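These values consider heavy atoms only, across backbone and side chains, with no hydrogens, waters or symmetry-generated copies. As the structure is a computational prediction, the values presented were derived from the model and not from experiment.
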Amino acid sequence: MKRTIKWLWLALALFFIPFLNTAVLAESSEEKNEEGEIKEKNEVIYANLEAGGALENIYIVNAFELNKTGIIEDFGNYESVKNLTDTSEIKQDGDTVRMDAAADNFYYQGNLSKELPWKFTIEYYLDGEKVDPKTVIGEPGQVEIEIKVEENGEAGAEFFDNYMLQISQALNTDYFYNIEAEDATIANAGKNRQVAFTVMPGEEETLTIQADTDQFELEGMEISGLPSSVSVDGPDTDALTEEFQSLTDAIGEINQGVGELGDGISGLSGGLSELENGSSEFQNGLNELNNSSGELTGASEEINNAFQTVQEEVGQITGIDGIEQLSGMTEAASDMAAGMEALADELDSLSTGYGDAKEALQTAMEGIPEATLTEEDFQALYDSEAVDPAVVDELVGTYEAAQGALAVYYESVESFDAVEPALSEFQTSASDIASNIRTFSDELEQSVGQIDIDEGLDEFITSVDTMAENYNQFHEGLVSYTNGVNELSTSYADIHNAISESASGSNELANGADELQDGTSELYDATESIPDEMQEEIDEMISQYDKSDFDPVSFVSEENDEITNSVQFVIQTDSIQPEEDTEEIEEKEENEGFWDRLLNLF
């Protein structure tokens with residue numbers, strides 16, 4: 001019964017085949033002159049590679065979505081074409097392909113002789129030695145697979161520049177273990193471990209898979225090429241750019257601080273130069289005062305001795321003979337008065353000169369800037385690569401020396417201020433003594449003959465004694481004063497030397513400060529635009545992989561670009577496995593005829 005039904009179906013099929021063919025031909029004949037309308041075209045390029053990566057064959061499946069069925073044209077330099085939709089004929093006229101698309105979705109295959117946009121070189125190593133993979137099938141050892149992906153200059157660069165590759169190699173865990181692949185994703189797929197690499201658009205890469213095997217054999221490597229059409233969102237770089245902006249702002253503050261430092265150093269340099277000049281004048285005034293001290297004390301010593309002599313001689317005067325002796329003293333008294341007047345004039349000159357020198361020193365000292373720089377300021381200069389540490393050392397040394405001199409000055413200013421009043425006081429005292437001696441001499445000359453021998457002479461002797469004692473005190477004070485001036489002159493010599501040393505390098509230091517400011521200004525100018533430049537670099541890097549604005553183009557002919565919606569690449573390498581015994585299957589297929597195969601359908 002079953003066999004009867006089988007033959008019945010066969011009879012019906014044979015009966016209806018002629019009518020079906022007639023209907024199809026009739027329908028085709030009716031529509032053969034109508035033009036079709038293509039909505040879009042999609043291309044899928046299939047390529048087979050040898051195990052080493054060399055291209056074996058390549059073909060394309062063209063898929064059309066139609067708005068209207070009918071006669072359509074496509075373009076491509078195909079070696080041969082094959083209808084994958086129905087049995088209608090596809091005609092080739094050079095690069096033009098014409099076909100009758102009777103379905104809304106029409107497919108045909110075109111075989112090509114064309115290069116891929118990428119060159120693949122796959123090398124195999126077993127236990128560190130390069131091998132032909134087909135010769136080591138089934139062998140154990142350490143396996144390394146090196147995959148080189150390079151641009152093929154003989155194919156269109158638009159695919160290499162805009163397409164992303166996914167390269168996958170399945171490793172059977174029955175044979176492979178200790179699998180490693182840098183920059184790859186390794187996932188489980190049944191009993192296989194799937195090693196997947198991504199090659200970004202426009203990039204050439206060398207990829208490596210390492211594993212241990214008990215039995216070397218591999219399935220074919222799968223490679224897909226797709227347009228990188230996903231828009232790449234950039235990372236949030238605000239925090240990073242803000243950090244660089246803070247750095248730039250800090251450098252700007254350093255530059256501003258160095259500018260202020262330069263102004264301060266220029267002021268310091270000018271102040272040090274004026275200070276050295278004022279200090280030199282003051283030192284000269286002190287030296288002159290100190291050198292005059294010997295003359296002052298010598299002259300005063302002579303006057304004091306003269307007073308002592310007069311005092312002794314006056315003490316011995318008695319009677320009429322003594323009064324006669326006084327007449328001989330008038331000339332000596334006149335000479336003493338002249339000496340004291342000369343001494344008073346010398347003290348007045350010294351007082352004036354010292355006052356001028358002290359005023360010059362004070363003006364110079366006031367020209368030194370206040371101590372506003374801190375240890376942090378100097379450390380910032382040391383830390384800056386724009387500044388020579390030797391210049392900073394000199395700056396610090398000069399700055400500290402100037403501030404030290406200023407401090408010593410303020411500590412000694414009371415001593416300096418005390419000299420001038422003392423000189424003025426001595427000058428006034430000397431003038432008073434000179435005036436008194438001059439008056440005494442004049443009165444002595446006028447009244448020698450009128451002095452009472454007893455009472456008047458005693459009174460005269462008493463006044464001479466008083467004058468001699470007063471002058472002796474004056475002389476002792478003058479000697480003590482000149483000793484103090486000598487000590488002050490010696491001490492100030494050290495201060496002046498320090499000021500001179502500070503001033504000697506001030507000009508060079510000011511030049512160094514100018515160079516320092518130039519360096520920090522250059523550094524600031526160089527870093528000021530870093531945040532913007534960094535953002536531009538990030539945007540440019542992202543744009544290299546963001547191909548969302550790429551318009552698909554046909555792989556086979558630019559005449560298809562307008563209707564081409566997508567182009568994809570599906571590439572596979574030969575598997576590296578033992579050959580199967582297929583002779584029996586092939587022989588059986590060859591012995592079967594058409595009717596045998598037809599009967600096997602039922």
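- Between Phe106 and Asn83 there is a side-chain heavy-atom pair separated by less than 4.5 Å.
- Under the side-chain hydrogen bond (donor to acceptor under 3.5 Å, both in side chains) criterion, Asn48 pairs with Asn57, not counting sequence neighbours.
- Counting heavy atoms from C-beta on, the side chains of Val567 and Ile45 come closer than 4.5 Å.
- When all heavy atoms are compared, the tightest approach of Glu50 to Asp574 is CA-OD2, 3.7 Å.
- Listed here is the closest heavy atom pair of Asp86 and Ala102: OD2-CB, 4.2 Å.
- Under a 3.5 Å cut-off, the side chain of Asn192 and the backbone N or O of Ala170 do not form any donor-acceptor pair.
- Between the CD1 atom of Ile179 and the OG1 atom of Thr173 there is a distance of 7.5 Å, given to the nearest 0.5 Å.
- The two residues Phe216 and Thr213 come nearest to each other via the heavy atoms N-OG1, 3.6 Å.
- Atom CZ in Phe120 sits 10.0 Å away from atom CG in Leu207 (nearest 0.5 Å).
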- prompt: What do the steps show when you test Met200 against Met164 for side chain to side chain contact (heavy atoms under 4.5 Å, CB included), and what is the final call?
  reply: CA-CA 5 Å; Met200 300 304 292; Met164 177 174 61; 4.1 Å; yes
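- Side-chain contact of Asp100 with Ser88: a donor-acceptor pair under 3.5 Å is absent, judged by distance alone.
- Among all heavy-atom pairs drawn from Leu66 and Ala101, the shortest one is CD1-CB, 3.4 Å.
- Atoms OG1 and CG, on Thr69 and Asp104 in that order, are 6.5 Å from each other to the nearest 0.5 Å.
- When the shell of 6.0 Å around CD of Glu558 is examined, it contains 12 or fewer heavy atoms from other residues, nucleotides or ligands.
- Taking CG of Asp214 as the reference point, atom CG of Asn172 lies at 11.0 Å (rounded to 0.5 Å).
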task: Show your reasoning for whether side chain to side chain contact (heavy atoms under 4.5 Å, CB included) applies to Ile137 and Glu139.
output: CA-CA 6 Å; Ile137 295 174; Glu139 294 188 13; over 6 Å; no
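- The salt bridge (charged side-chain N to carboxylate O under 4.0 Å, His left out) analysis of residues 56-85, with sequence neighbours excluded, yields the pairs Lys39-Glu65, Lys41-Asp74, Glu73-Arg98.
- For Thr573 (side chain) and Met221 (main-chain N/O), a donor-acceptor pair under 3.5 Å exists by modelled atom type.
- Sorted by first then second residue, the ring pair (Phe, Tyr, Trp, His ring centres under 6.0 Å) pairs that include residues 558-578, not counting sequence neighbours, are Trp118-Phe569, Phe159-Phe569, Tyr163-Phe569, Phe555-Phe569.
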message: Test side chain to side chain contact (heavy atoms under 4.5 Å, CB included) on Asn105 and Phe64; report intermediate values, then the result.
response: CA-CA 6 Å; Asn105 293 288; Phe64 295 91; over 6 Å; no
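- No side-chain N or O of Glu144 forms a donor-acceptor pair with one of Gln142 less than 3.5 Å apart.
- When all heavy atoms of Ser168 and Ala196 are compared, the closest pair comes out as OG-CB, 3.9 Å.
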Pair Val143-Leu126, side chain to side chain contact (heavy atoms under 4.5 Å, CB included): steps then yes or no: CA-CA 5 Å; Val143 176; Leu126 185 63; 3.8 Å; yes
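- Between the Ser575 side chain and the Gln577 main chain, no donor and acceptor come within less than 3.5 Å of each other.
- In this structure, Leu49 and Leu116 have side chains that are in contact, with non-hydrogen atoms separated by less than 4.5 Å.
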query: Between Asn62 and Tyr78, does a side chain to side chain donor-acceptor pair (under 3.5 Å) hold up when you go through it step by step?
result: CA-CA 12 Å; Asn62 297 294; Tyr78 298 111; 3.0 Å; yes
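- Contact of the Ile209 side chain with the Leu171 side chain is registered, since non-hydrogen atoms from C-beta on lie closer than 4.5 Å.
- With a 4.5 Å cut-off on side-chain heavy atoms, Phe176 and Arg193 do not count as touching.
- Side chains of Gln109 and Asn111: a donor-acceptor N/O pair is present below 3.5 angstrom, by distance only.
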- request: Starting from the C-alpha separation in whole Å, work towards a yes-or-no answer on salt bridge (charged side-chain N to carboxylate O under 4.0 Å, His left out) for Lys119 and Glu151.
  value: CA-CA 6 Å; Lys119 290 176 63 177; Glu151 181 181 7; over 6 Å; no
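- Atom CD of Glu562 has 12 or fewer heavy atoms from other residues, nucleotides or ligands within 6.0 Å.
- Side-chain contact check for Thr206 and Glu146: no donor-acceptor pair (N or O, by modelled atom type) lies under 3.5 Å.
- Within the 3.5 Å criterion, the main-chain N or O of Glu219 finds a donor-acceptor partner in the side chain of Gln169.
- The backbone N or O of Gly52 sits nowhere less than 3.5 Å from a side-chain atom of Tyr124 that would complete a donor-acceptor pair.
- The side-chain heavy atoms of Gln92 and Val81, taken from C-beta on, include a pair separated by under 4.5 Å.
- Closest approach of Pro140 and Asp127 over heavy atoms only: O-OD2, 4.3 Å.
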- request: Apply side chain to side chain donor-acceptor pair (under 3.5 Å) to the pair Glu43 and Ser566, showing each step before the final yes or no.
  value: CA-CA 6 Å; Glu43 299 177 357; Ser566 68; over 6 Å; no
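- Atom CD1 of Ile145 and atom OH of Tyr125 lie 12.0 Å apart (nearest 0.5 Å).
- At least one side-chain heavy atom of Thr96 sits under 4.5 Å from a side-chain heavy atom of Phe75.
- In this structure the side chain of Val570 never reaches within 4.5 angstrom of the side chain of Ser224, judged on heavy atoms.
- Interatomic distance, OG1 of Thr208 versus CZ of Phe197, reported as 7.0 Å (0.5 Å rounding).
- With a 6.0 Å radius and a threshold of 12 heavy atoms from other residues, nucleotides or ligands, Asp174 has its CG atom above the threshold.
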